[in-house]
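Worksheet: one structure, shown below.
Start at 1 and go down the list; that is how both ligands and their atoms are numbered. All values below come from the heavy atoms of this structure, side chains included, with hydrogens, waters and symmetry mates left out.
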Amino acid sequence: EAKTAGKAQYRFYRPDMTRTAQRKVHLRTRLAQAVEHGELALHYQPLVDLESGRVMGVEALARWPQADGGWVSPLEFIPLAEEGHLIQDLGAWVLRTACRQLVEWQAQGAPSWDLSVNVSARQWEQAEFFALVQRTLQDTGLPPERLVLEITEAVAQGSAGLAQSRARAFAKLGVRVALDDFGTGYSNLSQMQNLGLRQLKVDRSFVQALGHRAMARSVAETIIMLGRQLGLTVVAEGVETAEQRDQLHALTCSLGQGHFLGSPVPPGEFLKKYAG
Ligand code: C2E
Ligand code: MG
Ligand code: MG
Ligand code: MG
């Protein structure tokens, strides 16, 4: 099954192709080689201020290019990497590459966009994760205030003590934490408070339901209000139409991300499109 998202051709491995353990091992070996040989790529998607239309930030999204010109979706290969330790090397590569890219863009005259990087629960829980982020910022020269780490609700279910100390350390460093895909997982609202969150990303399922169901509007509105009450920047994911943008703006959502506002694109294209 192939699915089109923006211009990218995604190929999903069908379950029957991955059923055997052998197949999976093969895929994981190829992924490990791709990480080791620096064959992964990053695409970048703008985070847009719904009031002014200005690009405020950029999210780095991992891509696994294939020999046939397509990409394997991160929805496929991130879980694969998460099954082992590979996610740590992969995640470290993503962070370093994206930080370097932002610094390079700024040297080329681009605005000082914020950078959002996805962090899987396994990375977040790694003992050396904080030191890795700190070192990467030092090495690349990206100011900590420009970095946003996107974690998922799975992290909020982990150890409360770890979450709290990690959140405190990042806050002290100036690095912000965002809760990604909010509303899709099991949200432990009390644990959420321990994460020192600065940003809430409303999952696109709520955005896409906006025009269709009255109930969806109430749910979206409630999530946005929750975020605002907690003093968080609220970002809507998956904004695909002008109508959705207008509705979200009316609901006082600050930032939006989605195909209507800009699809993920390779770095060169991103700079050409948004730095002007
Ligand atoms: P995410 O962090 O929630 O990223 C947003 C996803 O929504 C991206 O999918 C993006 O291409 C897609 N998207 C953006 N705008 C729209 C829209 O208007 N409509 C629709 N239908 N989709 C839109 P992508 O790039 O396939 O990534 C999927 C997920 O894979 C990400 O979801 C994230 O959880 C994970 N991921 C991607 N890169 C990384 C990475 O470097 N590290 C980790 N740990 N996870 C990653
Ligand atoms: Mg994300
Ligand atoms: Mg998301
Ligand atoms: Mg999402």
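The distance from ligand 1 to the heavy atoms of Ser120 drops below 4.0 Å at these ligand atoms: 44 (N). Ligand 1 places these atoms under 4.0 Å from at least one heavy atom of Val94: 41 (O). Atoms of ligand 1 found under 4.0 Å from any heavy atom of Gln45 (numbered from 1 in listed order, with element): 14 (C), 15 (N). Close contacts of ligand 1 with Pro264, meaning ligand atoms under 4.0 Å from a residue heavy atom, involve 11 (O). Ligand-side atoms of ligand 1 in range of Asp180: 1 (P), 2 (O), 3 (O), range being under 4.0 angstrom from any heavy atom. Those atoms of ligand 1 that come under 4.0 Å of a heavy atom in Glu240, given as number and element, are 17 (C), 18 (O), 19 (N), 20 (C), 21 (N). Atoms of ligand 1 found under 4.0 Å from any heavy atom of Leu75, numbered from 1 in the order shown, are 28 (C), 29 (C). For ligand 1, the atoms sitting less than 4.0 Å from at least one non-hydrogen atom of Arg63 are 11 (O), 24 (P), 25 (O), numbered in the order shown with element in parentheses.
At a heavy-atom cutoff of 4.0 Å, ligand 1 is contacted by the side chain of Asp181 but not by its backbone. Residue contacts with ligand 1, taken as heavy atom pairs separated by less than 4.0 Å, do not involve Gln257 at all. Contacts between Arg204 and ligand 1 below 4.0 angstrom, taking non-hydrogen atoms only, involve the side chain exclusively.
Side chain of Gln229 to main chain of Met225: no donor-acceptor pair is present (N/O by atom type, distance under 3.5 Å, no hydrogens or angles).
With rounding to the nearest 0.5 angstrom, the CZ atom of Phe129 is 4.5 Å from the CZ atom of Phe170.
Gln106 and Arg146 form a side-chain donor-acceptor contact under 3.5 Å, judged by distance and modelled atom types alone. For the residue pair Arg30 / Gln66, a side-chain donor-acceptor distance below 3.5 Å is found, with atom types taken as modelled.
At a threshold of 4.5 Å between side-chain heavy atoms, the hydrophobic network of Ile, Leu, Val, Met, Phe, Trp and Tyr places Leu251 and Val234 in one connected group. Taken together through direct or relayed side-chain contacts under 4.5 Å among Ile, Leu, Val, Met, Phe, Trp and Tyr, Val119 and Val177 form part of one hydrophobic cluster. The hydrophobic cluster containing Leu50 does not contain Leu47, counting ILVMFWY residues as joined when their side-chain heavy atoms lie under 4.5 angstrom apart, directly or transitively. Leu61 and Trp64 are members of different hydrophobic clusters when ILVMFWY side chains are connected at heavy-atom separations under 4.5 Å.
When the heavy atoms of Leu40, Asn118, Val239, Val119 are ranked by distance to atom 40 (C) of ligand 1, first place goes to Asn118.
Looking only at its N/O/S atoms, Glu150 has OE1 as the one nearest to the Mg ion (ligand 2). Here the N, O or S atom of Asp181 that is nearest to the Mg ion (ligand 3) is OD1.
Shown are Gln257, His259, Glu59; of these, the side chain to side chain contact (heavy atoms under 4.5 Å, CB included) with Pro264 is made only by His259. A side chain to side chain contact (heavy atoms under 4.5 Å, CB included) with Ser254 holds for exactly one of Thr233, Val235, Leu248; it is Thr233.
Using a 4.0 Å cutoff on heavy atoms, Glu59 counts as a contact of ligand 1.
Annotation for Arg245 and Phe260: closest pair NH1-CE2, 3.6 Å, computed over non-hydrogen atoms.
The Mg ion (ligand 3) is the vertex of the angle joining OE2 of Glu237 and OD1 of Asp180, which measures 110° to the nearest 10°. With the Mg ion (ligand 2) at the apex, Glu59 OE2 and Asn118 OD1 define an angle of roughly 90° (rounded to 10 degrees).
For the pair Ala62 and ligand 1, the shortest N or O to N or O distance falls below 3.5 Å.
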